Amino acid sequence: MLSYFSNPQRFDGLARRVIPVLGVLTVLLLGIGIYLSFFGSPPDYQQGDTVRIMYVHVPAAYMAMALYAALAGASFVFFVWRHALADAAAEVIAPIGAVFTVLALFTGSLWGKPMWGTWWEWDARMTSVLVLLLVYLGYMALRAALEDAQQAARAGAVLAMAGVVNLVIVKFSVDWWSSLHQPASVIRFDGPTIHSSQLWPLAIMALAYTMLAAWLVFYRLRSRAVIQRARQIERRKLQAARAAQSTQGSGA
Amino acid sequence: MLAMTTALAEFPALEALSPQTLEASGLSLARGGLRLVEGLDLALAPSGALLLTGPNGTGKTTLLRALAGLVRPDAGAVAIGDQPASQVAADTLGWLGHADGLKPNETLRRALRFWADMHGTPRTAILPLMRVMGIGALIDRPAGQLSRGQQRRAGLVRVALANRPLWLLDEPAGPLDGAGRDRLAELVAWHRSRGGSVIAATHQTLDWPGAAMLDLGMYR
Amino acid sequence: MSRLGAVFAREARLAWSGGGGPAGPAAFFLAAITLAPLAIGPSPELLAAAGPGLMGFAALLSVLQSAERLYGDDFSDGTLDLYALSPMGLSLLCLAKTLGQGIATLWPLPVIVLLGGLMYGVPLQPSLMLAAALAAAIPALVLLAGFAGALAAGVRRSGLLIALIAAPMMVPVLIFAAGAGRAGFEGDERALANLVLTASVSLGTIALVPFGIAAAVRSRLG
């Protein structure tokens, strides 16, 4: 399928049809999800209204990880089969994933204040997400630093794939690390037991976030393709001009 | 001609080469979004020589790197013998890039011994080859103290030491003086007399007998 | 095997003689652990408690500080092309090269840790534990720095980029190696477990990371 859409025109045709659909779905689902989160679900018997932060936090954390999986998957496809579209997807996914990671950290911190009594707690989960943010930043910085597009694509793919192995080991080591620490007197937070009245808004918000991410990815892929085409036309012009100049000059 | 035959006598006796053909077909290369070469075919038989010419930026270096299997072409393939170049490059290629691969703090003796060991060539071949290139007296000098031309000569000694049938040289004569170019020609003639072949990218006119020319400027 | 040894010996020799050799990371490490108490304050209890973790962190920084040298010069002087075209498998070559260079430049760190233990008032036993864990961690640290260094080779001011790429990868080694020292200090019986985990992460990186370095090198040469 990917090779089918590696033809730029075909991909453009697909993107043009998919983008509005995803846009409408995102707005619709976000609307329903936000309504349910704020008004359509009861406050938690223990946490009160602060539980509502969960509806923006948990889907963000899930998207942060899902987008990294997508980034690594696209990198793998590019590394093995060299589909330019897979590389474009990886490049486009990274900043979106990073933004969701920041959102997860930010909302987690907001939630932590009433839960733990501090804005930041070095618990295993938050620390792992913080490391995930560093991985995203490293990936983007590497791509930005390499001027040759082909090198940036290949080196980025190698780094993104290595990141998967790394994140798994980080998760394990961070769990180990926080278990060494004697639990303090603050409330240990092990994830709320989900009640069905909370499940619906959570599921819909997760779906809405997924649609939002997909929408952004397709949108950016298409604008990236347009920019590339414009650059290509410019380069061809330049090349033609240079060729004309050198045929003039070769008489000398 | 007389000078050359006397010089040939000074070359060390190395293990015989197993000559290889090199063949590229339908090669397309791009760099930074610019198409450099499109649908290029070339073939080089044992004892052959091919000079790549053309203005800066026409893709001579990229073509050499593709022939060595370092750069993967957008289309087409490179074969050495009947194998893909990237698979057999290590056992068939002598490579001289635009940089010589020398370390400023390392003496030529140390560096060349290392490369001789890596390629399984006896260390006794080092000094004769250095004399051929006219740098025998510099053996204990760190590479950082040498001139660009002397470094280039040391790089060529390293290529010869690898004792591989197919030489890919990027601007081998770039920093060389007249005498250096003569010695390079002798080295190449020796290599070809053993069944080896050479492809060199060059701006200088290199007077290698029977060398074919390929002007990459045409492909622009 | 002899080729492997030749690469190891050459890289160790070049790293030893060029660019200050082991003096650079050693001096950096010493400076870091000298300055830290000036920032934290002279309270002996605080220093002894923070000492093992601080020294583990400072050791990581000194590895990062010297990481630019691992692949940067080889990229620009053409050595990496020759290595990629050498008759030895590139991953094995990268393993020998990185370890040769790393051990030649980083061997003073575990020794300085013992000295640092005295300065921070950490008892001998946890200091020894930390030194052992650090010695076990050095292969992992230097290989991960090498992976980042190969990806960023030849980039202008690559040091910062290498640090950003390598830092998240060094999280597990840091946790286990520093954890060995910390647990040792707190009298926790898990000190030995941390040491074993450090060694296993190191062995794991020795088995896996060379392939990553080779892929990184190839991606930058092509």
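All values below were derived from every heavy atom in this structure, side-chain atoms included, with hydrogens, water molecules and symmetry-related copies excluded. Model, not experiment: these values are computed from the prediction.
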- Step by step, would you call B:Leu70 with C:Leu85 a side chain to side chain contact (heavy atoms under 4.5 Å, CB included)? CA-CA 8 Å; B:Leu70 290 171; C:Leu85 291 171; 4.2 Å; yes
Residues, nucleotides or ligands: over 12 heavy atoms within 6.0 Å of [X] [atom1]:
X       : atom1 : result
B:Arg31 : CZ    : yes
C:Leu35 : CG    : yes
B:Glu23 : CD    : no

Starting at [atom1] of [X], measure out to [atom2] of [Y] and round the result to the nearest 0.5 Å.
X        : Y        : atom1 : atom2 : value
C:Ser17  : B:Glu106 : OG    : CD    : 8.0 Å
B:Lys103 : C:Arg13  : NZ    : CZ    : 11.5 Å
C:Ser86  : B:Leu93  : OG    : CG    : 12.0 Å

Structural part of [X] lying under 4.5 Å from a heavy atom of chain C:
X        : value
B:Asp91  : side chain
B:Arg113 : neither
B:Leu96  : neither

- Item | Proximal component of C:Leu93, with respect to chain B [non-hydrogen, under 4.5 Å] | side chain
- Task: Measure distances from C:Leu82 to the heavy atoms of chain B and classify the residue's part below 4.5 Å as side chain, backbone, both or neither.
- Result: both
- Item | Choice from C:Asp77, C:Leu221, C:Leu14, C:Val7 maximising heavy atom contacts with chain B below 4.5 Å | C:Asp77
- Query: Looking at C:Asp81 and B:Arg65, does any basic side-chain N land under 4.0 Å from a carboxylate oxygen?
  - Reply: yes
- Flag the pair C:Arg3 and B:Asp117 as a salt bridge only when some basic side-chain nitrogen lies within less than 4.0 angstrom of an acidic carboxylate oxygen. no
- Write down the atom of C:Pro87, the atom of B:Ala90, and the distance for their closest heavy-atom approach. CA-CB, 3.8 Å
- Should the ring pair C:Tyr83 and B:Phe114 be called parallel, tilted or perpendicular, given that the plane angle runs from 0 to 90° and is split at 30 and 60?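 The arrangement is perpendicular - the two ring planes meet at more than 60°.
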